[in-house]
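Numbering of residues begins at 1 and proceeds along the displayed sequence.
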Amino acid sequence: QLQLVESGGGLVQAGGSLRLSCAASGRTFSSSNMGWFRQAPGKEREFVAAILYSGERTSYADAVQGRFTISRDNAQNTVYLEMTSLKPEDTAVYYCNGPLSLITRKSGLYWGQGTQVTVSS
């Protein structure tokens with residue numbers, strides 16, 4: 001079982017950066033692949049990025065490839081999403097999720113409450 005709490009969202013200008021954090025509790029975190037999803041107003045929730053339980057492999061949506069970086073610290077039970085070169089279309093509520101498959105990118109059972117990211121033009 002995983003309990004997930006996101007933080008780090010906010011308002012930023014286009015071209016700016018933000019770092020999201022997801023603090024996890026539960027003894028299965030270090031063996032769980034973790035990911036980030038986002039949901040913009042009026043749109044379905046979509047995959048953003050995922051990271052293997054060991055941190056050795058990552059996967060990104062085409063829309064964020066090269067701009068976002070997912071990482072994790074298993075000692076701190078935390079997953080991060082570093083977002084750079086932000087665009088207005090990145091505006092959404094960002095959710096931490098796990099465990100999930102890096103291949104299918106299908107969301108796992110556990111979700112955080114979400115954190116709002118707003119990018120102004």
Side-chain angles (χ1 to χ4, degrees):
Q1 190 171 3
L2 287 172
Q3 293 83 41
L4 306 173
V5 178
E6 303 96 334
S7 61
L11 174 63
V12 64
Q13 288 189 333
S17 300
L18 279 176
R19 188 194 199 199
L20 306 183
S21 299
C22 172
S25 57
R27 59 187 180 90
T28 62
F29 175 79
S30 60
S31 61
S32 298
N33 301 338
M34 299 296 297
W36 290 91
F37 288 73
R38 67 185 182 185
Q39 187 166 20
K43 295 187 177 181
E44 293 187 354
R45 195 171 297 188
E46 64 177 4
F47 170 82
V48 175
I51 187 166
L52 196 68
Y53 69 93
S54 63
E56 292 177 343
R57 188 176 300 170
T58 57
S59 177
Y60 297 94
D62 289 346
V64 307
Q65 180 77 47
R67 300 187 298 122
F68 291 10
T69 302
I70 188 171
S71 61
R72 66 190 296 160
D73 183 340
N74 284 347
Q76 298 294 324
N77 276 16
T78 304
V79 179
Y80 303 98
L81 186 68
E82 187 79 35
M83 306 184 294
T84 64
S85 301
L86 282 162
K87 305 174 181 180
E89 51 264 44
D90 294 318
T91 295
V93 178
Y94 283 72
Y95 297 90
C96 184
N97 176 260
L100 74 163
S101 166
L102 269 68
I103 297 175
T104 66
R105 300 178 172 183
K106 184 178 178 180
S107 60
L109 181 61
Y110 302 105
W111 294 94
Q113 83 288 353
T115 186
Q116 176 71 47
V117 171
T118 303
V119 184
S120 63
S121 57

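Looking only at side-chain heavy atoms (C-beta outward), M83 and V119 stay at 4.5 Å or farther from each other.
For the atom pair NZ (K106) and OG (S101), the distance works out to 10.5 Å, reported to the nearest 0.5 Å. Rounding to the nearest 0.5 Å gives a distance of 5.5 Å between CD of E6 and SG of C22. Within the model, atoms CD of Q39 and CD of E44 stand 8.5 Å from one another, a figure rounded to the nearest 0.5 Å. We find the OH-OG distance between Y80 and S71 to be 7.0 Å, quoted to the nearest 0.5 Å. To the nearest 0.5 angstrom, S21 atom OG is 13.5 Å from R72 atom CZ. With rounding to the nearest 0.5 Å, the separation of CG in L100 from CE in M34 is 8.0 Å.
Between F68 and Y94, the ring-plane angle classifies as tilted under the 30° and 60° cut-offs.
Under the 3.5 Å distance criterion, the side-chain polar atoms of Y60 are matched with a main-chain donor or acceptor of I70. No donor-acceptor pair closer than 3.5 Å links the side chain of S32 to the backbone N or O of P99. Between the side chain of N97 and the backbone N or O of W36 there is no donor-acceptor pair closer than 3.5 Å. Checked by atom type and distance alone, the side chain of D73 never pairs as donor or acceptor with a backbone atom of T78 at under 3.5 Å. Remark: the backbone N or O of L52 is not paired with any side-chain donor or acceptor of R57 at under 3.5 angstrom.
Considering all non-hydrogen atoms of both residues, S121 and P88 come closest at CB-CG, 3.8 Å. Here the closest heavy-atom approach between residue S59 and residue R105 is recorded as OG-NH2, 2.9 Å. The two residues Q116 and A92 make their nearest non-hydrogen contact at NE2-O, 3.4 Å. Taking each heavy atom of F29 and A24 in turn, the nearest pair found is CD1-CB, 3.3 Å.
Both L20 and Y110 sit in one connected hydrophobic cluster of ILVMFWY residues. Membership requires side-chain heavy atoms under 4.5 Å apart, directly or through other members. Under the 4.5 Å side-chain heavy-atom criterion for Ile, Leu, Val, Met, Phe, Trp and Tyr, F47 and L86 are members of distinct hydrophobic clusters. Put simply, L109 and W111 are part of two different groups of oily side chains (I, L, V, M, F, W, Y) that touch within less than 4.5 Å, one to the next. Note on I51: it clusters hydrophobically with L4, by side-chain heavy-atom contacts below 4.5 Å among ILVMFWY residues. Linking Ile, Leu, Val, Met, Phe, Trp and Tyr whenever their side-chain heavy atoms come within less than 4.5 Å leaves L81 and F37 in two separate clusters.
With respect to L11, the side-chain contact (heavy atoms from CB on, under 4.5 Å) criterion is satisfied by exactly one of V117, T91, T118: T118.
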Pair Q1-T28, side chain to side chain contact (heavy atoms under 4.5 Å, CB included): steps then yes or no: CA-CA 7 Å; Q1 190 171 3; T28 62; 5.9 Å; no
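Counted within 6.0 Å of CD on Q113, heavy atoms from surrounding residues, nucleotides or ligands total more than 12; the atom is thus considered enclosed.
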